[in-house]
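Shown next, in structure tokens, is the structure this report addresses.
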Amino acid sequence: MADLEQIIASELASWNQRPVEHAIFGHSDPARIARELERCAGELLRSRVSAGLFYRASIGAVAGVELADGRRAVLKVHQPDRSREHLAEVLRLQCQLAQRGCFAPAVWAGPHPLARGHLVIERYVLEGSTRDGHEPAIRRGLARSLHALSAALEPFVSESALPPHALAELPPGRLWPPPHSKLFDFEATRAGAEEIDALAALARQRMEPAGRVVLGHSDWRAEHVRFEGDEPIAAFDWDSLCKAREPELVGFIAHAFCADWSRQGHAQAPSLQESRCFVAEYEVARGSAFSAAERRLLGAAFAYSVAYTARCGHAFGKRERDLPGAFHALLARHGQQLLAW
């Protein structure tokens, strides 16, 4: 453990760009960010921050802290484009899951205004450990738990105002949604991405509605799930809850269930065979196979997701077409076969 300001400064020093901090706080000063987090945590949890545990910034800014009363908490500040109403609905569902012991940590506070965004505080999960999603037993655990999560949320589908998956619904004529991070500029990096864009366009043409509507976690992958043995026991990143067609959601998840961006040298993309096994294992948990129309949508969502993640890598300056375990390499190797399920 260390001083929270030092932890934030160390993390920010590893990045040339700091768009998340500027979007939320209007600056990237580690001391000021630490003071804001410590102030809000003290007010909302009635205990001062005694030490920092970690700091990360991706879509939001996330810090782990230890409090003077011995509790450990995770503080996540969301960017201004996440409305309070959206976050309140996420937390409502997360609390329902936490009460049932279904993967979600307890919510302790929020959504609370902080700087330009909103703060959510939840219990820091100490139990379990992360595992490698390429291991068959872990892959099966992820597939089964994805279904278990949607089953637990089924009573809330009709009443929930959660938005669709970010990749699901786009205005006519638009190929890509706004990228999930300000690190990626798709328009400025179109050169050299023609192969990726072509598959994405073909996939979007095939994304016709099929299957029932479910609630689910749109980023259900190895990095966000903790295991005891081969069984998932807890998960993070609950602002990824969304409403989607079931085969669409499964296709999105099947493209990156094994990704763990915290691990250097890790094969982030699955093989096509691993993804097919993931879907088959989900179908076992579901108790029935997807229909032909559902498989068409699943394949389109899978291919489009592979293309989107490859496009993010391209926009970030990575050239990974020939790199084993990379999403662009998966796309380049299989092309339109990614659509065939």
Side-chain angles (χ1 to χ4, degrees), residues 24 37 40-41 43-45 53-54 56-65 67 71-114 117-128 130 141-142 144-166 168 180 213-228 231-244 246 249-250 252-253 257:
I24 294 172
L37 292 174
C40 279
E43 291 176 358
L44 296 172
L45 300 180
L53 302 172
F54 68 86
R56 299 286 186 273
S58 178
I59 298 175
V62 188
V65 299
L67 304 172
R71 289 179 294 167
R72 290 187 171 188
V74 174
L75 286 59
K76 184 167 187 177
V77 194
H78 297 268
Q79 294 192 45
D81 60 356
R82 292 295 179 100
S83 71
R84 188 186 188 285
E85 292 74 21
H86 177 189
L87 293 173
E89 174 63 2
V90 167
L91 296 188
R92 181 180 77 91
L93 296 173
Q94 182 177 343
C95 287
Q96 293 288 340
L97 293 169
Q99 290 169 10
R100 291 164 170 75
C102 188
F103 308 121
V107 177
W108 285 351
H112 181 81
L114 193 159
H118 285 89
L119 170 69
V120 171
I121 304 179
E122 60 186 36
R123 182 179 75 88
Y124 184 100
V125 175
L126 297 171
E127 300 83 5
T130 55
L142 289 167
R144 290 196 305 264
S145 57
L146 176 65
H147 179 267
L149 175 60
S150 289
L153 290 171
E154 186 173 3
F156 308 101
V157 172
S158 61
E159 67 186 50
S160 178
L162 280 181
H165 189 288
H180 67 281
V213 175
V214 299
L215 297 176
H217 191 301
S218 65
D219 204 11
W220 195 254
R221 55 187 174 87
E223 185 175 0
H224 290 154
V225 181
R226 293 181 73 87
F227 287 77
E228 282 187 354
E231 292 299 318
I233 61 165
F236 313 120
D237 199 38
W238 287 97
D239 52 298
S240 293
L241 283 174
C242 70
K243 184 181 285 190
E246 184 182 21
L249 177 67
V250 174
F252 292 141
I253 302 303
F257 67 88

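No experiment lies behind these values; they were computed from the predicted model shown. Heavy-atom basis, side chains included; hydrogens, waters and symmetry copies ignored.
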In Å, rounded to the nearest 0.5 Å, how long is the span from [atom1] of [X] to [atom2] of [Y]?
X: Phe257; Y: Ser145; atom1: CZ; atom2: OG; result: 11.5 Å
X: Phe103; Y: Leu149; atom1: CZ; atom2: CG; result: 6.5 Å
X: Gln79; Y: Asp239; atom1: CD; atom2: CG; result: 10.5 Å
X: Leu114; Y: Leu75; atom1: CG; atom2: CG; result: 8.5 Å

Do Val90 and Arg82 make a side-chain contact, defined as non-hydrogen atoms from C-beta onward lying under 4.5 Å apart?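 They are not in side-chain contact.
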Close side-chain approach of Pro113 and His118, heavy atoms under 4.5 Å: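 Counting from C-beta outward, Pro113 and His118 do come under 4.5 Å.
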Minimum-distance pair of heavy atoms, taken over all atoms of [X] and [Y]:
X: Ala73; Y: Trp108; answer: CB-CZ3, 3.8 Å
X: Leu97; Y: Ala104; answer: CB-CB, 3.8 Å
X: Ala235; Y: Pro105; answer: O-CD, 3.4 Å
X: Leu37; Y: Ala63; answer: CD1-CB, 4.0 Å
X: Ala41; Y: Ile121; answer: CA-CD1, 4.3 Å

Where the side chain of [X] meets the backbone of [Y], is there a donor-acceptor pair that is under 3.5 Å apart?
X: His78; Y: Val120; answer: no
X: Ser218; Y: Leu241; answer: no
X: His224; Y: Asp219; answer: yes
X: Arg71; Y: Leu45; answer: yes
X: Arg72; Y: Leu53; answer: no
X: His217; Y: Phe236; answer: yes
X: Trp220; Y: Leu142; answer: yes
X: Arg226; Y: Gly128; answer: yes
X: Gln96; Y: Leu153; answer: no

Intermediate values then yes/no, side-chain contact (heavy atoms from CB on, under 4.5 Å), Leu249 and Ser150: CA-CA 10 Å; Leu249 177 67; Ser150 289; 4.1 Å; yes
Name all pairs fulfilling the side-chain hydrogen bond (donor to acceptor under 3.5 Å, both in side chains) condition that reach into residues 85-95, sequence neighbours left out, sorted by first residue then second.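 Residue pairs with at least one partner in residues 85-95: Glu89-Arg92, Glu89-Ser160, Arg92-Glu159, Gln94-Glu122.
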Mind checking whether Phe54 and Tyr124 have parallel, tilted or perpendicular rings, split at 30° and 60°?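 Geometry flag for Tyr124 against Phe54: tilted rings.
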Test log, rule side-chain contact (heavy atoms from CB on, under 4.5 Å), inputs Val125 and Ile233: CA-CA 10 Å; Val125 175; Ile233 61 165; 5.8 Å; no
Between Arg56 and Lys76, is the side-chain contact (heavy atoms from CB on, under 4.5 Å) condition met? List the steps. CA-CA 9 Å; Arg56 299 286 186 273; Lys76 184 167 187 177; over 6 Å; no
